[in-house]
Amino acid sequence: MPNLTVLSWPNLQSLAMATTNLQFLQNPFPRPTFSSKYLVMRAPKMVFKCGCSSSSSVGGDAFSLTSSSKCDVDYLGESTKGDLNINLKHLENFGLDGQATLEGPIQQVARLEAEEAGSLLRDLGIPSPSAARLSPRGIFCTRTLNLRSISAIGYDMDYTLIHYNVMAWEGRAYDYCMENLKSMGFPVEGLAFDPDLVIRGLVIDKEKGNLVKADRFGYVKRAMHGTKMLSTRAVSEMYGRELVDLRKESQWEFLNTLFSVSEAVAYMQMVDRLDDGVIPADLGPLDYKGLYKAVGKALFRAHVEGQLKSEIMSKPELFVEPDPELPLALLDQKEAGKKLLLITNSDYHYTDKMMQHSFNRFLPNDMGWRDLFDMVIVSARKPEFFQMSHPLYEVVTGEGLMRPCFKTRTGGLYSGGSAQMVENSLNIHGDEILYVGDHIYTDVSQSKVHLRWRTALICRELEEEYRALIHSRGPRATVVELINQKEVVGDLFNQLRLALQRRTEGRPAQTLAATNMDDRELTESMQKLLIVMQRLDEKIAPLLEADGELFNKRYADIYTSRVSNFLNYTPFMYFRSQEQTLAHDTYSHYCSEHNGSSTN
C-alpha cells in the first residue's frame, strides 16, 4: 500500500487502548472528545474493531497489522509482528496532519504527547503501565517481551488459572499424608500442618534432613534441621563452600511449586521424630533420605487413590479462591487474536470440574470455559510434554471417553501428546508462544530450554512479598545507613592498620597525618574504631536476617502474582526490562545525583 508508515504515536495508541476498555467495560462515554490536536471520535466516522486476527479488519483501511511474513526486529531485538501501522493517506479522517503533528524537537513532542496520554488514562480510570508496575499486582519484566508479537498463549491450570487456598488444599494433602504415614507405623500424634514452616524456592537436603536457602551462586546461606533453625556458624561448618547442585537429585529437592508445601512440612516434622528416636525400629534402619522416600510415598498414595481430588471436586468452594477478573483477562486476549491453550497435568474430570467452577459464572453471554480456549490438553505429563512425544488421545465425550489420534486440531480436547504437536497444528513456533505457569522447572524452564517459548511465572507469594517490601522500607534504609557508616569507619581503620604495618617495617605511612601519629595515639584510634565496627555488626546482623526472610528470586521473562493482572494491561503491551547495570555504573548515577553531571 502506498504511503504506509509505522508510527510510534502515543495518542493513537492510547485511544486504541481506551476504546478497547470502553467497549469491554461499557463505560458511559459514547463520544469521548480530546484536545484539538487529538483525534475527535464521532461515530460513524471511524470504528475500532477490537479482537481481530486479520490485518485488513483493523480500523478498515486506516490501519493494518504487521504480519509474520513482513515483520522485522526493533532496536531492542523484539519482533515487530502485530505492530499497528497507520496509512497516512487516511489521516484526514482524523482531522490531523501526521507530519505536522511530529514537527519540532522529538523530546518536546514526546513529553507533551505523554502528558496528554497520561491525563486521558487517568480520566478513564485506567492505570498507566508504570503505576501498575508499582503495585503488588503489577507485571514485572526481566526480559523484554512484546505481547503484540505473541500469537498464542498457553496456560497451566493448578495454581495458575486456578488458585487454591493453600491452608485448605495443602492442609488436606498433609492430613491424608499423615494418615498414610500412621498406617505405615510412623508416630504422627500431636503434629499439625504449619504452612509458615516452608516457602517455595527453598531446597531440601535429603542427606542431612535440612531445609536450606541458597544464594544466587548456590552457596547455602541459611538452613533449618527438622523444624529448628541452625545458627550461622553451624551452617558454615556443615556446608562450607559446598554448592547446592539441583542436578544431584539424590541429595537435593527443590520446592518449586506450592504443591511441595505439604510434603516439605511433613518431612521436616518427621525429621524431628527421627532425631528424637521415637520412630519404631521395626520400620527398619532409616536415615534422612529413607525418611524422605517414606513421606513421599505416603503423599503419593493420597494423590493416586484419588481421595484428595474427590473431596475437592465435591466441594470446590472450600478449596478454590475465586477471581472474577481472570476470565475477563483471557477474553481480552482471545478477542485480540491470541490463540489460547490450556496445558495441564491434571486429568479431564478434575480439569473440567475446576474450570467450570472458576470460570463459567464470570463469563458473558452464556459462554463456557471451553469457549475461551483454542486447544485443551489434559494429562500432559509435563515436563516430558516439552521434551518428547507421548501417545495422543482425543477426549470425545463429556464422560471423558477417549480415542487414539495422531494430529491435533483447533478447538480440540486432548490427553497427552507433545508441545511439537501443538506447534505443528497451529503453525506457530518458538518465541511466538508465551507459556504461563507456576512451576519454575516444569512450566518455565523446560518450555524455554527445549522450545524457545517465552515464559511468564505466576507467583502468588509476590503480593505478600511486595507488602513486606513496603513495610521494610524503614528498616532497609536503616540497614543501608549503618552499612555505609561501617564502610567509612572501616576504611579509616584499615588505613591506620596499614600505617602501623608500614611503621613496623620502618616505612612512612601513606599520609603525613598518619606518619606523625605516635604509637599510642595510633593504637587507641584503632581500638576505638574496632569497637564501633563490632557494635555496628551487632546492630546490622539481626536487621539483615529479618530482611532476608522477605525475598525470593524469580526467573522468567515476566512474572506476576496472578493471571488476572493482565487485565490491568492490554494484549498489546510491550514489556521492557529494567536497565541492567554493572557495579561501576553506580558512579555515574552518584555523580548525576550529587553534582548534576558526571565527571571525566
Side-chain angles (χ1 to χ4, degrees), residues 210 212-225 229-244 468-553 578-600:
N210 293 342
V212 307
K213 179 178 181 179
D215 64 16
R216 70 182 67 182
F217 304 108
Y219 294 109
V220 176
K221 307 303 293 183
R222 306 181 68 192
M224 184 168 64
H225 180 73
M229 189 63 65
L230 297 176
S231 67
T232 302
R233 180 173 182 176
V235 171
S236 178
E237 292 176 349
M238 186 174 296
Y239 289 102
R241 306 305 292 171
E242 180 181 0
L243 290 175
V244 174
L469 272 170
I470 298 301
H471 290 311
S472 69
R473 280 189 297 186
R476 285 175 68 84
T478 300
V479 169
V480 171
E481 182 181 3
L482 291 173
I483 290 176
N484 288 339
Q485 291 171 355
K486 184 186 176 183
E487 189 175 62
V488 174
V489 172
D491 188 49
L492 177 56
F493 175 83
N494 293 335
Q495 293 292 340
L496 296 180
R497 183 177 179 180
L498 179 59
L500 183 61
Q501 173 184 302
R502 289 188 177 185
R503 180 172 299 183
T504 303
E505 299 297 327
R507 295 191 297 119
Q510 59 273 38
T511 65
L512 183 61
T515 302
N516 293 336
M517 294 177 70
D518 59 39
D519 290 351
R520 179 177 178 180
E521 186 179 5
L522 190 60
T523 302
E524 287 180 351
S525 297
M526 291 178 62
Q527 289 173 335
K528 177 183 176 182
L529 293 173
L530 190 57
I531 292 172
V532 171
M533 287 192 294
Q534 290 172 344
R535 293 190 61 187
L536 280 171
D537 284 342
E538 293 172 358
K539 185 71 174 178
I540 293 171
L543 291 175
L544 279 179
E545 184 172 346
D547 185 62
E549 293 176 353
L550 304 176
F551 308 103
N552 192 9
K553 202 72 174 173
Q578 298 298 305
E579 179 185 2
Q580 300 296 309
T581 61
L582 297 174
H584 70 275
D585 291 333
T586 57
Y587 175 73
S588 60
H589 295 302
Y590 176 85
C591 291
S592 61
E593 290 176 2
H594 291 77
N595 303 324
S597 62
S598 60
T599 58
N600 294 326

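Met229 is listed as a side-chain neighbour of Arg222, based on a closest heavy-atom distance under 4.5 Å. Using a 4.5 Å cut-off on side-chain heavy atoms (C-beta onward), Met238 and Val220 make no contact. Using a 4.5 Å heavy-atom cutoff, the side chains of Asn484 and Val480 are in contact. Proximity of Asp519 to Arg503: side-chain heavy atoms (C-beta onward) are separated by under 4.5 Å at one or more points.
Of the possible polar contacts, one joining the Ser525 side chain to the Glu521 backbone as a donor-acceptor pair under 3.5 Å is found. Here the side chain of Asp491 pairs no donor or acceptor atom with the backbone of Glu487 at under 3.5 angstrom.
A distance of 9.5 Å separates CD1 of Ile483 from CG of Asp537, quoted to the nearest 0.5 Å. Rounded to the nearest 0.5 angstrom, His225 NE2 and Leu230 CG are separated by 7.5 Å. Taking NZ of Lys486 as the reference point, atom CD of Gln534 lies at 9.5 Å (rounded to 0.5 Å). Separating the CG atom in Leu496 from the CG atom in Leu529 is a distance of 6.0 Å, to the nearest 0.5 Å.
Shown here for Phe217 and Leu243, the closest heavy-atom pair between the two residues is O-CD2, 3.4 Å. The two residues Asn210 and Tyr239 have their closest heavy-atom pair at ND2-OH, 3.0 Å.
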Exercise for review: Check the pair Val532, Gln485 against side chain to side chain contact (heavy atoms under 4.5 Å, CB included), reporting the backbone distance first and the verdict last.
Suggested key: CA-CA 10 Å; Val532 171; Gln485 291 171 355; over 6 Å; no
Review point. Under the side chain to side chain contact (heavy atoms under 4.5 Å, CB included) criterion, do Met533 and Leu530 qualify, and how do the steps go?
Key: CA-CA 5 Å; Met533 287 192 294; Leu530 190 57; 3.9 Å; yes
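Counting non-hydrogen atoms of neighbouring residues, nucleotides and ligands closer than 6.0 angstrom, the CD atom of Glu242 exceeds 12 such neighbours.
Under the side-chain hydrogen bond (donor to acceptor under 3.5 Å, both in side chains) criterion, Glu524 pairs with Arg520, sequence neighbours left out.
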